[in-house]
Chemist: 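Got a structure here, written out as structure tokens. Questions coming.
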Amino acid sequence: MSTADIMNMKPSQTRNKIIAHVDLDAFFVSVEELLNPSLRGKPVVVGGNPFGRGVVSAASYAARKFGVHAGMPSSQARRLCPRAIFLRGSHGIYSQYSSQVMEVLGRFTPAMEQVSVDEAYLDLTGCQRLHKAGAVEIAQRIHHAVHAETGLPASIGVGAGRIVAKIAANAAKPNGMMVINPGREAAFLAPLPIGKMPGIGPVSQREYMKLGIRRIGDLSQFKPEILRQIFGKHGAAMARRAQGEDGGHVDFSTGTEGRSGSQSVSREVTYSTDTGDPGRVRATVSYLAESVGRRVRKTGLVFDTVTLKLRRASFATVTRSRALSRTSDDTSVIYQAACDMLEPLLTGSRERVRLVGVGVRAMEKKPEQMDLFLMEQEARIEAVHRSMDQARDKYGFESALMARSILHGRG
DNA sequence: TCTGGGGTCCTAGGACCC
DNA sequence: TCTGGGGTCCTAGGACCC
């Protein structure tokens, strides 16, 4: 092969990647069915309170027949399917099952990227010799192993890139497998509605429709510059993806080792009924600041930006953020900054408050050395928070709340 | 009984500096 | 007095994903 030939090759051809996307079917519901087999085949919904402001996290296939789906308000799910069994779910148990599944997947290849609690990409490119089997057979073994060892149904998509693998897995659901052979990517994607493309949600879907782009294949009719002008970076990437050309890069640093480091930590709460009490909102901010601070200290990272989020009764949402003069992992720094940003928002509108959120951003490793001038002061504050964290580990989070947070729970 | 909670990434405007 | 770009940081908002 000449150098010119190599230069002319498209990215997906330079290495014949084999990527598998493994996606657990109706994950939360499937775990609930394992724990309680009498739920099998029934309309089951895991999510928030169907008589309150919750939303659906997962719906069984029986419930989906009524039009229930993840993300829908639980109250709406209840109206669509009054006989559905609503469960609040237990995320600790789901995490345990998730770890089990990831452990099984990790045995097939170290090149694994966990992208969420119920999804992972596997790079099987080098695995055929190791497993003495073709890609299809390896995928079948994975499918079988997940079910045999965890009892959970999964769907698997295999292709030359991440996007193709993911869409194939979706198409294979439930409990199925789909392999897209090399060179067939564009043909597989072309007839699918544009909304099936990961990254294209309801808003951009409407924009694409305006251009007459209804199916993924329609993207190729447009010059990349046009798509870039309208959709920015995203548009150009989508055109490439429509041809099945994504790098197929699997970032296995997130595998069994865990995440390489988060960019942000946040907590938010929606009141069960909107509140017009500024004192209650302040108390909630205090509670959230404590919660975020505690989680930050667990990561061993420091932040340099604090953000506050407020959603009003009308659902109008405002955010404020403030960069700090230096990094911190201190609850009182979060609290102070959040309060400073909160006051003008409380004064600025008499509308009731629906949601409050507090977060921190731009996380980096906690520095070993600290400014000597500040060390003594810091050490004292830190000692207080450490002992509170310890009490919480022992007795639960609510056991050690700052006095100002106690009000949060009232009403 | 409309619309959770935890994230990621992108955009766009203004400040500020060179 | 008028008038430049580029680069980077900060802030607010929004789309999207699970």
Side-chain angles (χ1 to χ4, degrees), chain A residues 21 23-29 45-59 68-80 82 88-89 91 94-95 98 114-120 162-163 166 169-170 194-208 228-238 251 254 259-274 288 291-292 295 299 304-325 337 341 344-345 354-363:
Chain A
H21 185 253
D23 195 338
L24 298 168
D25 302 325
F27 176 48
F28 295 172
V29 166
V45 176
V46 174
N49 181 2
F51 295 94
R53 288 178 155 176
V55 300
V56 173
S57 298
V68 176
H69 59 81
M72 164 185 288
S74 298
S75 56
Q76 192 183 346
R78 200 183 105 254
R79 263 175 279 133
L80 287 171
R88 302 306 297 271
H91 288 259
Y94 304 153
S95 294
S98 173
Q114 182 178 351
V115 286
S116 76
V117 70
D118 65 348
E119 273 180 68
R162 294 167 65 104
I163 295 298
K166 185 175 168 64
N170 277 333
I194 195 86
K196 294 276 184 187
M197 178 74 86
I200 298 183
V203 176
S204 21
Q205 196 176 335
R206 277 196 296 277
E207 295 301 309
Y208 280 109
R228 173 179 284 279
Q229 269 174 36
I230 301 168
F231 301 102
K233 267 187 178 177
H234 228 56
M238 291 303 152
D251 176 8
T254 60
R259 310 231 140 241
S260 41
S262 54
Q263 314 272 320
S264 66
V265 173
S266 67
R267 276 219 60 185
E268 62 186 56
V269 287
T270 296
Y271 295 112
S272 52
T273 53
D274 304 335
L288 296 171
S291 178
V292 168
R295 273 168 45 196
T299 66
D304 77 359
T305 305
V306 178
T307 70
L308 176 79
K309 178 172 166 184
L310 213 71
R311 177 167 290 151
R312 310 209 190 258
S314 62
F315 217 73
T317 308
V318 288
T319 61
R320 293 289 179 267
S321 69
R322 172 174 297 181
L324 305 170
S325 53
M341 295 185 281
L345 295 180
R354 178 189 179 92
L355 167 150
V356 190
V358 171
V360 297
R361 279 203 334 247
M363 315 277 289

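A, B, ... follow the sequence lines: proteins, then strands. Residue 1 opens every chain.
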Chemist: A:T273: what forms a side-chain hydrogen bond (donor to acceptor under 3.5 Å, both in side chains) with it, not counting sequence neighbours?
Modeler: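 Partners of A:T273 by the side-chain hydrogen bond (donor to acceptor under 3.5 Å, both in side chains) criterion come out as none, since no residue qualifies.
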Chemist: Pick the P atom in C:dA15 and in B:dG4, then give their distance to the nearest Å.
Modeler: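 Nearest-Å result for C:dA15 against B:dG4 at atom P: 16 Å.
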Chemist: Can you check the distance between B:dT3 and C:dC18, where both ends of the measurement are the P atom (answer in whole Å)?
Modeler: 23 Å
Chemist: Please tell me whether A:S291 and A:R267 have a donor and an acceptor in their side chains that are separated by less than 3.5 angstrom.
Modeler: yes
Chemist: What pairs with A:D23 under side-chain hydrogen bond (donor to acceptor under 3.5 Å, both in side chains), at least two apart in sequence or on another chain?
Modeler: none
Chemist: For A:R322, give me all partners under salt bridge (charged side-chain N to carboxylate O under 4.0 Å, His left out), at least two apart in sequence or on another chain.
Modeler: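 Partners of A:R322 under the salt bridge (charged side-chain N to carboxylate O under 4.0 Å, His left out) test: A:D340.
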Chemist: Can you give one letter per nucleotide of nucleotides 10-18 of chain C, 5' to 3': B if a protein heavy atom sits under 4.0 Å from the base, S if only from the sugar-phosphate, - if neither?
Modeler: -BSS-SSSS
Chemist: Could you pull out all residues at least two apart from A:R354 that satisfy side-chain contact (heavy atoms from CB on, under 4.5 Å)?
Modeler: A:R53, A:T270, A:D274, A:R311, A:F315
Chemist: By the 4.0 Å heavy-atom rule, please label A:F51 as base, sugar-phosphate, or nothing.
Modeler: base
Chemist: Just jot down the ring-ring contact (aromatic ring centres under 6.0 Å, His included) partners of A:Y271, sequence neighbours excluded, or say none.
Modeler: none
Chemist: Checking A:E207 now: which residues fulfil side-chain contact (heavy atoms from CB on, under 4.5 Å) with it, not counting sequence neighbours?
Modeler: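 Only A:K210, A:F231 meet the side-chain contact (heavy atoms from CB on, under 4.5 Å) criterion with A:E207.
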Chemist: A:R320: which residues meet the salt bridge (charged side-chain N to carboxylate O under 4.0 Å, His left out) condition with it, sequence neighbours left out?
Modeler: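 A:R320 satisfies salt bridge (charged side-chain N to carboxylate O under 4.0 Å, His left out) with no other residue.
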Chemist: Go through the structure and list residues passing side-chain contact (heavy atoms from CB on, under 4.5 Å) with A:H69, not counting sequence neighbours.
Modeler: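 Testing A:H69 for side-chain contact (heavy atoms from CB on, under 4.5 Å), a comparison that skips the adjacent residues, returns A:M72.
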Chemist: Decide, for B:dT1, between syn and anti: a glycosidic angle within 90° of 0 counts as syn, anything else as anti.
Modeler: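 With its glycosidic angle within 90° of zero, B:dT1 counts as syn.
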Chemist: Between the protein and nucleotides 3-7 of chain B, are there any N/O to N/O pairs under 3.5 Å, and if so, what are the atom names and distances?
Modeler:
residue : atom : partner : partner atom : Å
B:dT3   : OP2  : A:R354  : NH1          : 3.4
B:dT3   : OP2  : A:R354  : NH2          : 3.1
B:dT3   : O5'  : A:R354  : NH2          : 3.4
B:dG4   : OP1  : A:R354  : NH2          : 2.7
B:dG5   : OP1  : A:T270  : N            : 3.3
B:dG5   : OP2  : A:T270  : N            : 3.2
B:dG5   : OP2  : A:T270  : OG1          : 2.5
B:dG6   : OP1  : A:R267  : NE           : 3.2
B:dG6   : OP2  : A:E268  : N            : 2.6
B:dG6   : OP2  : A:E268  : O            : 3.4
B:dG6   : O3'  : A:R295  : NH2          : 3.3
B:dG7   : OP1  : A:R295  : NH2          : 2.5
B:dG7   : OP2  : A:S266  : N            : 2.8
B:dG7   : OP2  : A:S266  : O            : 3.3
B:dG7   : OP2  : A:S266  : OG           : 3.2

Chemist: Would you please name every residue forming a side-chain contact (heavy atoms from CB on, under 4.5 Å) with A:E268, sequence neighbours left out?
Modeler: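 Only A:K309, A:L355 meet the side-chain contact (heavy atoms from CB on, under 4.5 Å) criterion with A:E268.
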Chemist: Starting at the 5' end of DNA chain B, write a dot or bracket for each base, bracketing those in Watson-Crick or G-U wobble pairs whose two distances are under 3.5 Å and using | for partners on another strand.
Modeler: ....||||||||||||||
